[in-house]
Amino acid sequence: MNKLIITVIMLLFSLSLIGYNPDTTAVEPGIEGYVVGKADNQILVVSSVPKDYSSTGGVKEFYNAIWFSNAPKDISIGQRVQVWYDMVLESYPGQSKANQVSVVSSSQPEHANLTEPEVIRKALTSQGMDGAEVPVIKAVNYVAEKDIWIVHIKQGKAELNVQVIDEKQDSE
């Protein structure tokens, strides 16, 4: 009887090893969102799409936010990215190591001078932004008739519509 139990355990263990491949990259990214912070080789990515955890006693509008180490140096604040990762430390924002980072291309509206990432960078540095809370970029819209951009940002419980004039500075 003991030999049978040991044989079954060894068989199950062998099968579990065959199915494990640490080099497999998930087809879907773990998070897609805007880069709203950068420090050294780390980026803070915040999802624009909320998750609803109210059915399990959580919040109705939760925005995933993760600091990723191992980020490419050419990633900038304001860019929309997809990030693949394995594990995340459960803090807020979370912390993880990026396995792969892909920039989601954004189209520049006709007649607009600024790009979406440039507009987001300007909006995040505008007055009224509280650095203590993680900013969520909910929407970015170009209003051609007024030649302005409107960036809808949620920060904590506050929601702001930041207007950015569509003009490049000399230093840009």
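Counted by atom type alone, W149 and N141 present zero donor-acceptor pairs between their side chains at under 3.5 Å. N41 and N70 share no donor-acceptor pair across their side chains, judged by distance under 3.5 Å alone.
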Go through V104 and E32 one step at a time and tell me if the side-chain contact (heavy atoms from CB on, under 4.5 Å) criterion holds. CA-CA 9 Å; V104 177; E32 180 173 326; 4.1 Å; yes

Start with the C-alpha gap between K168 and E118, add the side-chain angles, then the distance that decides, and say whether side-chain contact (heavy atoms from CB on, under 4.5 Å) holds. CA-CA 9 Å; K168 288 198 179 269; E118 291 172 323; 2.7 Å; yes

Worked verdict on N99 versus D86 for side-chain contact (heavy atoms from CB on, under 4.5 Å): CA-CA 8 Å; N99 294 334; D86 293 322; 3.2 Å; yes

Verdict with supporting geometry, D147 and D166, side-chain contact (heavy atoms from CB on, under 4.5 Å): CA-CA 6 Å; D147 201 27; D166 186 49; 3.2 Å; yes

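For S96 (side chain) and M87 (main-chain N/O), a donor-acceptor pair under 3.5 Å exists by modelled atom type. K38 contributes a side-chain N or O that, together with a main-chain N or O of K73, makes up a donor-acceptor pair within less than 3.5 Å. No side-chain donor-acceptor contact under 3.5 Å links E116 to the backbone of I120. In this structure, R121 contributes its side chain and I77 its backbone to a donor-acceptor pair below 3.5 Å.
Here the straight-line distance linking atom CZ of F68 with atom CD1 of I43 works out to 7.0 Å at 0.5 Å rounding. Here the CD-OG distance, from Q79 to S106, works out to 8.0 Å after rounding to the nearest 0.5 Å. Put simply, CG on L160 and CD1 on I150 are 12.5 Å apart, with the number rounded to the nearest 0.5 Å.
No side-chain heavy atom of V83 sits less than 4.5 Å from a side-chain heavy atom of I66.
Nearest heavy atoms, P93 versus V134: CG-CG2, 3.9 Å. Of all the heavy atoms in E133 and G156, the pair that sits closest is OE1-CA, 3.6 Å. Minimum interatomic distance between K154 and E159 (heavy atoms only, all atoms of both residues): NZ-OE2, 3.7 Å.
The aromatic ring centroids of Y92 and Y63 lie 6.0 Å or more from each other.
At a threshold of 4.5 Å between side-chain heavy atoms, the hydrophobic network of Ile, Leu, Val, Met, Phe, Trp and Tyr places I148 and V162 in two separate groups. In the hydrophobic clustering of ILVMFWY residues, with side-chain heavy atoms under 4.5 Å counting as a link, V143 and I153 come out apart. At a threshold of 4.5 Å between side-chain heavy atoms, the hydrophobic network of Ile, Leu, Val, Met, Phe, Trp and Tyr places V59 and V136 in one connected group.
Test V81, L44, V46, V140 against Y34 for side-chain contact (heavy atoms from CB on, under 4.5 Å) and you get one pass: V140.
Ion pairing between K138 and E61 holds under the 4.0 Å rule for side-chain N and carboxylate O.
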